[in-house]
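Reviewing the structure listed below.
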Amino acid sequence: MYQTTIVPIGKPIEAIDMHGVKHSPFIPFAIRCPQFCELADGTLLFFFEAKYQSQLDEEPACHVLLRSGDRGKTWGDARMLCYDDFNIGGVPVYDRIHNTLLYYARTREWKPEFATDRLLTEQDQVDGKVLERFWVAKSRDGGLSWSDYREVFIDAPEAWRVKHCPTPGMGLQLQNQPDPQKNGRIIIPSNHIGANLGGKNEFGSHLVYSDDFGESWKLGAIQDYPGGNECNALELADGAILLNARTHASIPANRRLQSESQDGGDSFCRVYPVESLYCPGCHGGFARLPLDGTETIFFTAPTGETGDPFNCLGVPGYWGRREKLMLYASTDAGRTYSPIRLMSPPGEFAAYSALFGTSDGKLLCAWESGPEIGLYRSIEYVILEGNELSALLL
């Protein structure tokens, strides 16, 4: 096993905004949301979100890209991927058919009639004061240079107060579909906030997809189980799509919500809580890797005990501490999972995580860390070899 800290705080990053304008370099205050991608030539890409002055969700942020030419052992200098004066979030996805890297981004800004100097909040979105915009940029040289950002538009139900929030995870391109016309489809796992008849905000998860390699986008499958939130998706060997989501539902508490699609992401045929996946209110990593001839699904999430006041959003005793990152595995297409390795020890901060199965059979794992619980100051990173994973599954 290889482990290191690959994104320490303190290194200045040159800021180039979405329109190509250079800004003064800045030193990130907080590091969040790790993501991976692999190119056809084996180059590995690592993405993360850098925040300027605080680690609040609403703090303006940029996305940064690192490249590795030695299968993830070392990483090059940080490159700015996109920057905006307002909060920005994005998802990378690799189009294997055209050897093109896509970046699907979301920005939030005040509607003109509500212009103000303070930071945007989630409640501002719910109250209809915020304009959400969606953008796509492409790179044909593995992220070294990018096209201009092009705005794209996606229809969504009027009841959704927050329309499309791309996951902190990765997008995917379908390649195992029974309907060959859907091979090549690009999918972005997303979440939204709606309002039920009583006016209460409800979280949910859904898919956004493109059948023309990022030129236009449509709303795909929607979970009909309340409480879904940040999510990741993967495609199995038989073409089934699994969506694994953080949930804000109180029943069952602290369990992941999983959905299955058998039609390329147009709809979900099954939505269910996964009793064997404990996860107290946090985004998790999700990856597939063929191992010793068996299709294996891996998942990571913190497993700190509930009842701690950290990040409980006014629901004492519900969310748990972001520590004790656990690696789970499933060999039955995601129906059940077993814990196989504790990736971070008790008392060590471990929050949002990312997993990625490489073409040469390794599992990459990264998670938000820091000097103490609640301080997002670095990313811990691990490479697990295939033989190590096989031993853990025995």
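Values in this document were obtained by computation on a predicted structure and should not be read as measured data. Each residue takes its place number in the sequence, starting with 1.
- In this structure, Leu364 CG and Cys37 SG are separated by 11.5 Å, a value rounded to the nearest 0.5 Å.
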Using residues 336-349 as the side-chain source, report each donor-acceptor pair under 3.5 Å to any protein atom, sequence neighbours left out, with the distance given to one decimal.
from   : atom 1 : to     : atom 2 : distance (Å)
Thr336 : OG1    : Asp332 : OD2    : 2.6
Tyr337 : OH     : Gln258 : OE1    : 2.8
Ser344 : OG     : Leu325 : N      : 2.8

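- Residues Tyr103 and His63 bring their aromatic ring centres within 6.0 Å.
- Clustering ILVMFWY residues whenever any of their side-chain heavy atoms sit less than 4.5 angstrom apart, transitively, puts Tyr328 in the very cluster that holds Phe286.
- Lys324 pairs by the side chain to side chain donor-acceptor pair (under 3.5 Å) definition with nothing, not counting sequence neighbours.
- By the 4.5 Å heavy-atom criterion applied to side chains, Leu236 and Arg288 are counted as neighbours.
- No side-chain donor from either of Ser369 and Glu380 sits under 3.5 Å from a side-chain acceptor of the other.
- Considering only heavy atoms from C-beta on, Leu243 comes within 4.5 Å of Leu207 through its side chain.
- Between Arg246 and Glu230, at least one side-chain N (NZ, or NE/NH1/NH2) sits under 4.0 Å from a carboxylate O, which counts as a salt bridge.
- Between the side chains of Glu235 and Gln177, at least one donor-acceptor pair of N or O atoms lies under 3.5 Å.
- For the pair Val162 and Trp160, the minimum side-chain heavy-atom distance is 4.5 Å or more.
- At least one cation-pi condition fails for Lys51 and Tyr376: the charged atom is not both under 6.0 angstrom from the six-membered ring centre and inside a 45 degree cone around its axis.
- Remark: aromatic rings of Trp217 and Tyr104 are close, center separation under 6.0 Å.
- No side-chain heavy atom of Gln3 sits less than 4.5 Å from a side-chain heavy atom of Tyr381.
- Atom CG of Asn229 and atom CD of Glu202 lie 12.5 Å apart (nearest 0.5 Å).
- The residues Lys182 and Asp266 are annotated as salt-bridged, a charged nitrogen and a carboxylate oxygen being separated by less than 4.0 angstrom.
- Taking OG of Ser147 as the start and NZ of Lys138 as the end, the distance is 7.5 Å to the nearest 0.5 Å.
- Side-chain contact between Trp75 and Leu44 is present, with at least one heavy-atom pair separated by less than 4.5 Å.
- With a 6.0 Å cutoff to the six-membered ring centre and a 45° limit on the axis angle, Arg32 does not count as a cation-pi contact of Phe48.
- Ring centroids of Trp367 and His283 are separated by 6.0 Å or more, keeping the two rings apart.
- Note on Lys218 versus Asp212: no salt bridge recorded, every NZ/NE/NH1/NH2 to OD/OE distance being 4.0 Å or above.
- Contact check on Glu260 versus Arg335 returns no salt bridge, with no Lys/Arg side-chain nitrogen under 4.0 Å from an Asp/Glu carboxylate oxygen.
- Between Glu323 and Arg321 there is a salt bridge, with a side-chain nitrogen of the basic residue lying less than 4.0 Å from a carboxylate oxygen of the acidic one.
- The number of heavy-atom neighbours closer than 6.0 Å to CZ of Arg140, taken from other residues, nucleotides and ligands shown, is 12 or below.
- Cluster membership for Leu101 and Ile186, using ILVMFWY side-chain heavy atoms within less than 4.5 angstrom, is not shared.
- Interatomic distance, CD of Gln175 versus CG of Leu172, reported as 9.5 Å (0.5 Å rounding).
- The side-chain heavy atoms of Phe47 and Leu66, taken from C-beta on, include no pair separated by under 4.5 Å.
- At a threshold of 4.5 Å between side-chain heavy atoms, the hydrophobic network of Ile, Leu, Val, Met, Phe, Trp and Tyr places Phe298 and Met170 in two separate groups.
- If you chain together hydrophobic residues whose side chains sit under 4.5 Å apart, Val152 and Leu102 fall into the same group.
- Going from atom CG of Leu392 over to atom CG of Leu291 covers 9.5 Å, rounded to the nearest 0.5 Å.
- Counting only heavy atoms from C-beta outward, the side chains of Val130 and Lys111 never approach each other to under 4.5 Å.
- Between His206 and His192, the distance from one ring center to the other falls under 6.0 angstrom.
- Atoms CD and CZ, from Glu215 and Phe213 in turn, are 10.0 Å apart once rounded to the nearest 0.5 Å.
- Residues Asp155 and Leu219 have side chains not in contact (no heavy-atom distance under 4.5 Å, counting atoms from C-beta outward).
- Taking the ring axis of Tyr272 as reference, the NZ or CZ atom of Arg270 stays within 45° of it and closer than 6.0 Å to the ring centre.
- By the 6.0 Å contact criterion, CD on Glu151 is enclosed, its count of non-hydrogen atoms from other residues, nucleotides or ligands being greater than 12.
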Could you walk me through whether Asn191 and Ser205 pass side-chain hydrogen bond (donor to acceptor under 3.5 Å, both in side chains), step by step? CA-CA 4 Å; Asn191 61 83; Ser205 302; over 6 Å; no

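- Partners of Thr294 by side chain to side chain donor-acceptor pair (under 3.5 Å), not counting sequence neighbours: none found.
- A distance below 6.0 Å separates the ring centres of Phe36 and Phe46.
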